[in-house]
Amino acid sequence: MATFTHIDSSSRPTMVDVGDKAVTKRTATAQTRVRFPAEVAEALRTQQFSTAKGPAFQTAIIAGTMAAKRTHDLIPFCHPLGIEKCKFDIVMDGDDAVIECTVAVHHKTGVEMEALTGASVAALTIYDMCKALSHDIVIAETRLLEKRGGKSDVG
């Protein structure tokens, strides 16, 4: 059975020591869905995804990128990383906005948390920019789609 990596032998919280790990290319892609009521999705399409606060999806990409770069300031045991790539795709799937955030770095530790943070903050930004239309918007299904590099690959 796997063990928790952020607990030391005395059951105290700790940052993982990556000092002896090899530097490899690490990538991760995370996804979050923003579920709009039908009338909100239609209004966004009609307005080309622009709101009174500005272009919703473009602003979300900027916010998500900023968040991914600062993940170590938000999640206590994340290592600070010099992210080399942070790319977003935001598309409509019916009445849902589907946000994918892909992050890459050459380092001793992975970027799953950075991708998850980027996708999450992008979704929160979309919510903030669209909440004047409805508070029935739902942020749902934040998940890791894929990770490559390091000890194991997922997805």
Side-chain angles (χ1 to χ4, degrees), residues 2-8 11-36 40 44 48-93 96-135 137-155:
T3 60
F4 291 108
T5 57
H6 291 86
I7 304 292
D8 70 12
S11 297
R12 292 180 301 228
T14 189
M15 182 180 263
V16 172
D17 181 356
V18 297
D20 292 332
K21 288 186 173 185
V23 171
T24 61
K25 182 175 183 181
R26 315 290 182 118
T27 63
T29 301
Q31 180 186 82
T32 298
R33 283 186 171 264
V34 180
R35 295 202 165 105
F36 298 109
V40 173
L44 286 169
Q48 299 175 343
F49 303 98
S50 189
T51 70
K53 292 183 175 185
F57 290 0
Q58 289 86 345
T59 305
I61 289 168
I62 294 167
T65 301
M66 291 172 65
K69 293 181 348 181
R70 303 303 297 182
T71 298
H72 67 279
D73 286 331
L74 302 169
I75 313 284
F77 296 128
C78 285
H79 293 82
L81 301 175
I83 292 173
E84 297 164 356
K85 172 186 177 181
C86 186
K87 181 180 183 305
F88 282 84
D89 289 310
I90 304 176
V91 298
M92 290 298 290
D93 178 20
D96 294 0
V98 180
I99 303 161
E100 286 190 7
C101 175
T102 300
V103 179
V105 69
H106 286 80
H107 207 281
K108 296 178 177 193
T109 189
V111 286
E112 301 98 290
M113 296 309 298
E114 287 74 10
L116 288 160
T117 299
S120 298
V121 170
L124 288 166
T125 301
I126 290 171
Y127 183 97
D128 179 55
M129 296 191 74
C130 298
K131 69 185 179 196
L133 300 174
S134 174
H135 285 92
I137 300 166
V138 175
I139 298 172
E141 299 172 11
T142 299
R143 63 191 180 119
L144 182 68
L145 295 179
E146 178 180 83
K147 87 164 201 75
R148 298 276 177 247
K151 195 168 27 174
S152 62
D153 292 340
V154 173

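The residues of the chain are indexed from 1 along the displayed sequence. Basis for what follows: all heavy atoms, side chains included, without hydrogens, waters or symmetry-related copies.
Side chain of E84 to main chain of H106: a donor-acceptor pair is present (N/O by atom type, distance under 3.5 Å, no hydrogens or angles). Looking at R26, its side chain never comes within 3.5 Å of a backbone N or O of E112 through a donor-acceptor pair. Remark: side-chain polar atoms of D153 are paired, donor with acceptor, to backbone N or O of G149 under 3.5 angstrom. Using modelled atom types, no side-chain atom of R33 and backbone atom of D96 make a donor-acceptor pair closer than 3.5 Å. Using a distance-only test at 3.5 Å, with no hydrogens or angles considered, a donor-acceptor pair links the side chain of K53 to the main chain of D128. The main-chain N or O of S152 is found under 3.5 Å from a side-chain atom of K147 such that the two form a donor-acceptor pair.
The distance from atom NZ of K108 to atom OG1 of T24, rounded to the nearest 0.5 Å, is 11.0 Å. Once rounded to the nearest 0.5 Å, the distance linking CG of L124 with OG1 of T142 reads 8.5 Å. To the nearest 0.5 Å, the span separating CZ on R70 from CD1 on I83 amounts to 10.5 Å. Between the OG1 atom of T29 and the CD atom of E100 there is a distance of 6.5 Å, given to the nearest 0.5 Å. Rounding to the nearest 0.5 angstrom, the gap separating the OG1 atom in T27 from the NZ atom in K85 is 7.5 Å. Atom CE of residue M113 and atom CZ of residue F77 lie 12.5 Å apart, to the nearest 0.5 angstrom.
Side-chain contact check for H72 versus L81: every heavy-atom pair is 4.5 Å or farther apart. The shortest distance between side-chain heavy atoms of I99 and F88 falls below 4.5 Å.
Here the closest non-hydrogen pair linking L116 and L144 is CD2-N, 3.8 Å. Contact record, R35 with A140: NH1-CB, 3.2 Å, taken as the closest heavy-atom pair. Of all heavy-atom pairs spanning T71 and E114, the tightest one is OG1-CA, 3.5 Å. A pairwise comparison of heavy atoms in A123 and T32 identifies CB-CG2, 3.6 Å as the closest pair. Here the closest heavy-atom approach between residue A115 and residue A28 is recorded as CB-O, 3.7 Å. Here the shortest heavy-atom pairing between C130 and A56 reads SG-CB, 4.4 Å.
For the side chain to side chain contact (heavy atoms under 4.5 Å, CB included) test with C86, the passing option among I61, V103, T102 is V103; the others fail. Checking L133, T125, I126 one by one against M129, the side chain to side chain contact (heavy atoms under 4.5 Å, CB included) holds for a single residue, T125.
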